[in-house]
Amino acid sequence: MNPSHPQRSGFGYFFYGLELAMKPGIRQFVLLPLLANILLVGGALFYLFSHLDSWISHLMGQLPEFLSWLSYLLWPLLVLTILATFSYFFSTLANFIAAPFNGLLAEKVEEQLTQQRVNEDGLLSTLKDTPRILAREWRKLVYVLPKAIGLFLLLLIPALGQTIGPILWFAFTAWILAIQYCDYPFDNHKVSFNDMRYSLKQKQGKAYSFGALVSIFTTIPILNLFVMPIAVCGATAMWVSEFKQQHKS
């Protein structure tokens, strides 16, 4: 715990991220991540909503006849699952592309919160560090992909996939989004990916609730276009208040 910065709930860090993203000195660093998110996620959701009805009808058709009465319960769960899956996939792609700028945003938020420089070399050093930052994004993808494929295959199993799958997918997405956004401030201090995951596991309640709220907003049209920079700001505030002291070199 950092005694000079108040602790919040996972939800609280997300909404504090919204406040931070609007502050002078931070707003200009929000623009590039925001643009990447609008172009990729906005285009993806336009495609999704033009095909959603046919996909849902196909999945509902996989239910055995004797379980047809479950359709009214399962329909909204499947809609939310498809929305979360689609939004998560394209948000991950947008995060990959915008990773150097998200790292820079996390750096500037931390500097405003602590009044201490994170990187003495500034923007040029960040740009030179881009290959390492993208390698870190690839490390996250390698961690996520096998689990995501397993859950996707579960969704294809009649009855079982349509009932248990959405719940497991939501919990999985919450955890992965916490990792995705908290990793930027951790990585700015060269904390290894495994050490970062271990730290988050020590405060799973905050990590899951933060990731769950990010996941929910990621599925809401229009609002999801603005989630990326807000989540980076909120995750950085969490790093400063909850984790920075224990990783101080």
Side-chain angles (χ1 to χ4, degrees), residues 1-21 23 26 33 84 87-88 91-92 95 99 102-116 118-119 133 136-137 139-148 151 166-219 224 227-249:
M1 181 182 73
N2 189 331
S4 62
H5 297 278
Q7 292 187 326
R8 295 172 167 84
S9 66
F11 294 158
Y13 283 116
F14 179 83
F15 288 113
Y16 186 44
L18 173 60
E19 179 184 331
L20 289 169
K23 283 183 175 292
I26 299 298
S87 298
Y88 173 72
S91 293
T92 300
N95 274 306
N102 282 336
L104 183 61
L105 173 59
E107 178 183 314
K108 296 306 175 184
V109 170
E110 182 176 341
E111 288 177 354
Q112 183 158 123
L113 289 173
T114 64
Q115 301 302 308
Q116 297 173 353
V118 174
N119 181 357
I133 293 171
R136 179 85 165 212
E137 290 299 307
R139 174 67 183 85
K140 282 186 268 187
L141 191 59
V142 169
Y143 172 75
V144 169
L145 204 54
K147 302 171 181 64
L151 282 172
I167 298 169
L168 293 178
W169 182 263
F170 182 76
F172 168 74
T173 303
W175 173 244
I176 293 305
L177 287 173
I179 285 178
Q180 175 66 58
Y181 289 107
C182 288
D183 190 52
Y184 294 118
F186 276 86
D187 188 42
N188 281 342
H189 291 269
K190 306 299 187 290
V191 178
S192 75
F193 182 75
N194 288 336
D195 286 347
M196 181 269 299
R197 285 196 298 117
Y198 178 79
S199 292
L200 289 182
K201 283 180 181 178
Q202 305 314 300
K203 301 199 175 184
Q204 288 188 51
K206 293 188 179 185
Y208 271 102
S209 57
F210 176 80
L213 200 55
V214 174
S215 180
I216 290 168
F217 276 91
T218 299
T219 65
N224 56 11
V227 165
M228 182 194 291
I230 292 170
V232 172
C233 293
T236 305
M238 190 189 301
W239 153 263
V240 169
S241 296
E242 309 279 346
F243 303 111
K244 183 174 181 177
Q245 289 286 3
Q246 72 189 61
H247 289 286
K248 227 171 182 180
S249 53

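Position 1 is the first residue of the sequence, and the numbers go up from there.
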State, to 0.1 Å, how close [X] and [Y] come at their nearest heavy-atom pair, and which atoms those are.
X	Y	value
A178	A207	CB-O, 3.3 Å
W169	A148	CZ3-O, 3.8 Å
A235	P185	O-CG, 4.0 Å
E107	N188	N-ND2, 3.4 Å
M196	V191	N-CG1, 4.0 Å
I230	A21	CG1-CB, 4.5 Å

Just by distance, no angles: are the side chains of E137 and Q180 close enough, under 3.5 Å, to form a donor-acceptor pair?
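Indeed, the side chains of E137 and Q180 share at least one donor-acceptor pair under 3.5 Å.
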
Could you give the distance from [atom1] ([X]) to [atom2] ([Y]), rounded to the nearest 0.5 Å?
X	Y	atom1	atom2	answer
K190	D187	NZ	CG	6.5 Å
W239	L113	CH2	CG	13.0 Å
T236	Y16	OG1	OH	11.0 Å
K203	S209	NZ	OG	12.0 Å

Taking the six-membered ring for Trp, is the centroid-to-centroid distance between F172 and W175 below 6.0 Å?
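So the answer is no for these two rings.
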
Aromatic ring proximity, centroids under 6.0 angstrom, F243 and F186
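Yes.
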
Contact between [X] and [Y] at the side-chain level, heavy atoms closer than 4.5 Å - yes or no?
X	Y	value
S215	F170	yes
E19	K23	yes
S241	Y13	yes
V232	V109	no
K206	F210	no
Y208	L213	no
Y184	L105	no
Q246	Q202	no

Basic-acidic side-chain contact under 4.0 Å: R8, E242:
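No, no charged N to carboxylate O under 4.0 Å.
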
N/O donor-acceptor pair under 3.5 Å between Q112 side chain and K108 backbone
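Not a single qualifying donor-acceptor pair exists.
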
Evaluate the side-chain contact (heavy atoms from CB on, under 4.5 Å) criterion for residues I179 and V144: first the C-alpha distance (whole Å), next the side-chain angles of each, then the deciding distance (0.1 Å), finally the verdict.
CA-CA 10 Å; I179 285 178; V144 169; over 6 Å; no

Assess the residue pair K140 and R197 against the criterion (side-chain contact (heavy atoms from CB on, under 4.5 Å)); give the C-alpha distance rounded to whole Å, side-chain angles, the decisive distance to 0.1 Å, and a yes or no.
CA-CA 11 Å; K140 282 186 268 187; R197 285 196 298 117; over 6 Å; no

Given the rule in the side-chain contact (heavy atoms from CB on, under 4.5 Å) test, do Y181 and M238 qualify, once you have shown the distances and angles that lead to the verdict?
CA-CA 10 Å; Y181 289 107; M238 190 189 301; over 6 Å; no

Under the criterion side-chain contact (heavy atoms from CB on, under 4.5 Å), I'd like the reasoning laid out for T114 against K244: C-alpha separation, chi angles, the key distance, then a yes or no.
CA-CA 11 Å; T114 64; K244 183 174 181 177; 3.8 Å; yes

